[in-house]
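As structure tokens, the structure follows; a few thoughts come after it.
The basis for the numbers below is simple: all heavy atoms, side chains too, and nothing from hydrogens, waters or symmetry mates.
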Amino acid sequence: MTRILPLLTGAAVLSAALLSTGAQARTLKEIKASGTIKIGTNAEFKPFTYFEGKTMKGFEYDLGNAIAKQMGVKAEWINQPFDGLLIGLNQNRFDLVISSHGITPERAKAVDFSLPHYCSGGLIVSRPGGPKTAAELKGKTVATQVGTTYVDQIKKVTGEKNLRVYPNNANALQALMSGRVDAMVNEKFYGLEALKLNGKKLQQGEMMFQEKLAMAVAKGNSTLLSAVNQNLKTVQANGTYAKISKSYFGQDVRCK
Ligand code: ARG
């Protein structure tokens, strides 16, 4: 499984997304008329979107709901694997994707990104005694989730041979915990959460790179994009964003 997955990442996924010619994406007017905005996410990414029992929670879940509320619609959340989200968007399976996508030139060819809804980056996590810096990752095996920006960052340092991609973050973390890989690179706050839950079994390494994370709409869905941007600015100005952010991270994570 983990051997085959790299073939489905990067360019292949993106060209598939570009090629998909589904029905027209729903305009803001159509979304408002239906009363519901469909939001796609990969909800195994605590503290961004995740399940507690049957209830979805998280920073992006609360933020998405706040933006939907500003729009005067309900949010219907659709949970699916991370690497299919942008494709699903262009197939109109949802109107909006909120799943911590880093803005990259490649992705921006396939979808339209909102203003960034937070700034963060990739963090190295390992077991005590393991690699803590990008330089120390050389020659070590490193786990991450398929289809993420971390894949390319890791490859640059360790080469394809030492990269281990997993369908879910939980699998990547498990691989690290059980000693099947030497380190994991993942979103900073996901890594910090793993550190919190696993006490002395894991150690925090350095940040490998920074990125701007944004929501995505189907290419050319300009009415929805401007409403999302406008409403993000509103919740950032009226205190809603700061309140949500502090409740999950203890700090305001907006881009400065
Ligand atoms: N920030 C990374 C990227 O843009 C990882 C996002 C993973 N998100 C998730 N919901 N699992 O690729």
Side-chain angles (χ1 to χ4, degrees), residues 17-18 22-43 45 47-49 56-80 82 85-121 149 187 189 210-249 251-256:
L18 280 167
Q24 277 289 305
R26 297 200 303 165
T27 61
L28 180 64
K29 211 170 151 193
E30 287 165 337
I31 292 165
K32 282 192 166 177
S34 79
T36 307
I37 184 166
K38 291 186 197 162
I39 309 180
T41 195
N42 175 222
F45 203 43
F48 295 97
T49 53
M56 204 188 281
K57 294 197 165 170
F59 168 68
E60 290 181 312
Y61 179 74
D62 288 356
L63 182 62
N65 286 338
I67 288 172
K69 193 171 165 198
Q70 285 293 324
M71 272 182 200
V73 294
K74 271 214 185 92
E76 177 191 335
W77 290 83
I78 299 156
N79 176 33
Q80 67 153 65
F82 180 75
L85 284 169
L86 299 186
I87 296 171
L89 188 58
N90 278 341
Q91 293 170 340
N92 303 307
R93 273 186 273 148
F94 12 82
D95 305 300
L96 181 66
V97 164
I98 311 183
S99 209
S100 291
H101 280 85
I103 300 175
T104 68
E106 270 227 295
R107 286 174 177 168
K109 283 183 201 155
V111 299
D112 283 341
F113 279 114
S114 70
L115 297 169
H117 61 286
Y118 73 99
C119 272
S120 188
T149 45
E187 159 54 39
F189 292 102
Q210 311 280 334
E211 63 179 356
K212 289 183 175 165
L213 299 299
M215 301 171 264
V217 301
K219 194 93 206 147
N221 194 350
S222 55
T223 55
L224 178 59
L225 184 63
S226 50
V228 167
N229 283 337
Q230 194 47 55
N231 291 316
L232 173 63
K233 282 186 199 161
T234 303
V235 298
Q236 285 190 327
N238 72 12
T240 306
Y241 178 99
K243 199 170 147 209
I244 297 171
S245 177
K246 283 184 188 142
S247 79
Y248 286 99
F249 309 113
Q251 59 180 283
D252 190 321
V253 294
R254 80 183 72 190
C255 299
K256 303 219 157 79

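Nearest heavy-atom pair across R107 and G102 is NH1-O, 2.9 Å. Between F249 and P47, the shortest heavy-atom distance links the atoms CE2-CG, 3.5 Å. I37 and A68 make their closest contact through CG2-CB, 3.9 Å (heavy atoms, listed as atom of the first residue, atom of the second, distance). Residues P116 and L232 share a closest heavy-atom pair of O-CD2, 3.8 Å. Taking each heavy atom of A218 and N92 in turn, the nearest pair found is CB-OD1, 4.5 Å. For A25 against E30, the heavy-atom pair with the smallest separation is O-OE1, 4.1 Å.
For the side-chain hydrogen bond (donor to acceptor under 3.5 Å, both in side chains) test, residues two or more places apart in sequence or in another chain that qualify with S34 are R26. Annotation: side-chain hydrogen bond (donor to acceptor under 3.5 Å, both in side chains) contacts of S99 (sequence neighbours excluded): T41. Every ring pair (Phe, Tyr, Trp, His ring centres under 6.0 Å) that Y61 has, sequence neighbours left out, goes to W77. Listed by chain and number, the residues in a side-chain hydrogen bond (donor to acceptor under 3.5 Å, both in side chains) with N229 amount to none (sequence neighbours excluded). Considering only residues two or more places apart in sequence or on other chains, Y248 meets the ring pair (Phe, Tyr, Trp, His ring centres under 6.0 Å) condition with none of them.
In this structure, CG in N221 is found 5.0 Å from OG1 in T223, a value given to the nearest 0.5 Å. A distance of 8.0 Å separates CZ of R93 from CD1 of I87, quoted to the nearest 0.5 Å. Distance check, rounded to the nearest 0.5 Å: CG of N238 to CD of Q70 gives 6.0 Å. A distance of 8.5 Å separates CG of L85 from CG of N79, quoted to the nearest 0.5 Å. Taken from CG in N65 to CD1 in I39, the straight-line distance is 6.5 Å, to the nearest 0.5 Å. The line from CG of L224 to OG1 of T27 is 9.0 Å long, rounded to the nearest 0.5 Å.
Applying the ring pair (Phe, Tyr, Trp, His ring centres under 6.0 Å) test to every pair with at least one member in residues 94-113, sequence neighbours left out, gives these pairs: F82-H101.
Between the side chain of K74 and the backbone N or O of K69 there is no donor-acceptor pair closer than 3.5 Å. Although no hydrogens or angles enter the test, the distance criterion places a donor-acceptor pair under 3.5 Å between the side chain of D95 and the main chain of K38. No donor-acceptor distance shorter than 3.5 angstrom exists from the side chain of Q80 to the backbone of G40, with no hydrogens or angles considered. Of the possible donor and acceptor atoms, none in the side chain of T49 sits under 3.5 Å from a partner among the backbone N and O of E60. Using a distance-only test at 3.5 Å, with no hydrogens or angles considered, no donor-acceptor pair links the side chain of S114 to the main chain of A214. Counting only distance, with no hydrogens or angles, the side chain of Y241 and the backbone of A66 share no donor-acceptor pair below 3.5 Å.
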Assess whether side-chain contact (heavy atoms from CB on, under 4.5 Å) is satisfied between K219 and D112, documenting all intermediate values.
CA-CA 5 Å; K219 194 93 206 147; D112 283 341; 2.8 Å; yes

Take N231 and M71 through the side-chain contact (heavy atoms from CB on, under 4.5 Å) test and state the conclusion after the steps.
CA-CA 7 Å; N231 291 316; M71 272 182 200; 3.3 Å; yes

Yes or no on side-chain contact (heavy atoms from CB on, under 4.5 Å) for D62 and K243, after CA distance, side-chain angles and deciding distance?
CA-CA 10 Å; D62 288 356; K243 199 170 147 209; over 6 Å; no

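Ring geometry for F48 versus F189: interplanar angle over 60°, hence perpendicular rather than tilted (30 to 60°).
The closest side-chain heavy-atom distance from I67 to M215 is below 4.5 Å. Between L96 and V217 there is a side-chain heavy-atom pair separated by less than 4.5 Å. For the pair S120 and V253, the minimum side-chain heavy-atom distance is 4.5 Å or more.
Residues S100 and E187 bring no donor and acceptor atom of their side chains to less than 3.5 Å of each other.
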